[in-house]
Amino acid sequence: MLKHKCLPIAAPLDQEDIHRFTELISDKSWIIPATVLLQVIPVTVAAHGFWKTRQLKTQLRIERERTKQMQIDRFRPGYHAGQPQPLADHPHHGLLHH
C-alpha cells in the first residue's frame with residue numbers, strides 16, 4: 001500500500017518516444033560525449049578530494065607522531081632540542097690535547 005503512494009508510476013516507452021530519441025541522437029551525436037563528460041567531472045572532483053584528504057590525514061598523523069617524539073626527547077636525559085649533549089662540560093678536541 002505504501003509502495004504505491006511513494007513510488008512514481010513510470011509509463012512504458014512507446015514507439016514514438018523511441019523514434020524521437022533515436023532521431024535526436026542521430027541528428028545531434030555530440031550530446032552523448034557531452035552528457036558523459038558532465039557525469040565524469042563530479043566523479044573526478046570527488047575522487048581527487050578523497051585522495052587529497054587521505055594524504056593530508058596521513059601527513060597530520062606523521063606530524064603528531066613527530067611532535068610526540070620531540071616532547072618525549074625533551075625530558076630524556078642527555079638530550080637538548082633533539083640533539084645529544086656532550087657528557088663532559090668541555091669536550092676533548094683530540095687525543096693529543098693537553
Side-chain angles (χ1 to χ4, degrees):
M1 182 170 162
L2 183 63
K3 189 186 286 187
H4 298 295
K5 292 183 179 181
C6 293
L7 294 176
I9 299 174
L13 294 176
D14 59 356
Q15 291 298 325
E16 183 181 325
D17 290 337
I18 294 172
H19 178 69
R20 198 171 354 152
F21 177 74
T22 307
E23 195 174 291
L24 176 69
I25 295 299
S26 63
D27 289 345
K28 299 176 181 173
S29 59
W30 57 268
I31 289 178
I32 294 174
T35 305
V36 169
L37 184 65
L38 287 175
Q39 296 296 321
V40 169
I41 290 173
V43 171
T44 305
V45 169
H48 175 72
F50 172 78
W51 184 256
K52 192 66 172 176
T53 301
R54 192 171 146 190
Q55 285 179 328
L56 290 174
K57 282 183 179 180
T58 303
Q59 184 178 353
L60 180 63
R61 193 175 326 139
I62 290 169
E63 290 297 323
R64 282 183 178 161
E65 185 62 32
R66 184 177 295 151
T67 304
K68 283 182 196 176
Q69 291 301 320
M70 288 176 66
Q71 291 293 329
I72 291 170
D73 285 346
R74 229 175 70 186
F75 297 107
R76 193 174 288 171
Y79 281 81
H80 180 68
Q83 300 294 325
Q85 289 181 337
L87 296 175
D89 289 338
H90 301 288
H92 295 281
H93 296 287
L95 294 175
L96 300 174
H97 182 262
H98 284 289

Asker: For residues 44-61, run the donor-acceptor check on the side chains, cut-off 3.5 Å, and write out each pair with its distance to 0.1 Å, sequence neighbours left out.
Answerer:
{"unit_1": "Thr44", "atom_1": "OG1", "unit_2": "Val40", "atom_2": "O", "d": "2.8"}
{"unit_1": "Thr53", "atom_1": "OG1", "unit_2": "Gly49", "atom_2": "O", "d": "2.8"}
{"unit_1": "Thr58", "atom_1": "OG1", "unit_2": "Arg54", "atom_2": "O", "d": "3.0"}

Asker: Should the heavy atoms of other residues, nucleotides or ligands under 6.0 Å from CD of Glu63 be counted, would the total exceed 12?
Answerer: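 Yes - once you tally the heavy atoms of other residues, nucleotides and ligands closer than 6.0 Å, there are more than 12.
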
Asker: Same cluster or not: are Ile18 and Leu24 linked, directly or through other Ile, Leu, Val, Met, Phe, Trp or Tyr residues, by side-chain heavy atoms under 4.5 angstrom apart?
Answerer: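 Ile18 and Leu24: separate clusters.
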
Asker: If you look only at pairs with a residue in residues 21-44, which of them pass as a salt bridge (Lys or Arg N to Asp or Glu O under 4.0 Å), with sequence neighbours excluded?
Answerer: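 Not a single pair qualifies under salt bridge (Lys or Arg N to Asp or Glu O under 4.0 Å).
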
Asker: For the OG1 atom of Thr22 and the CZ atom of Arg20, what is their distance to the nearest 0.5 Å?
Answerer: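 Separation between the atoms: 11.0 Å.
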
Asker: Looking at Gln71, Glu65, Arg66, Met70, which hits side-chain contact (heavy atoms from CB on, under 4.5 Å) with Lys68?
Answerer: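 It is Glu65; the other options fail the test.
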
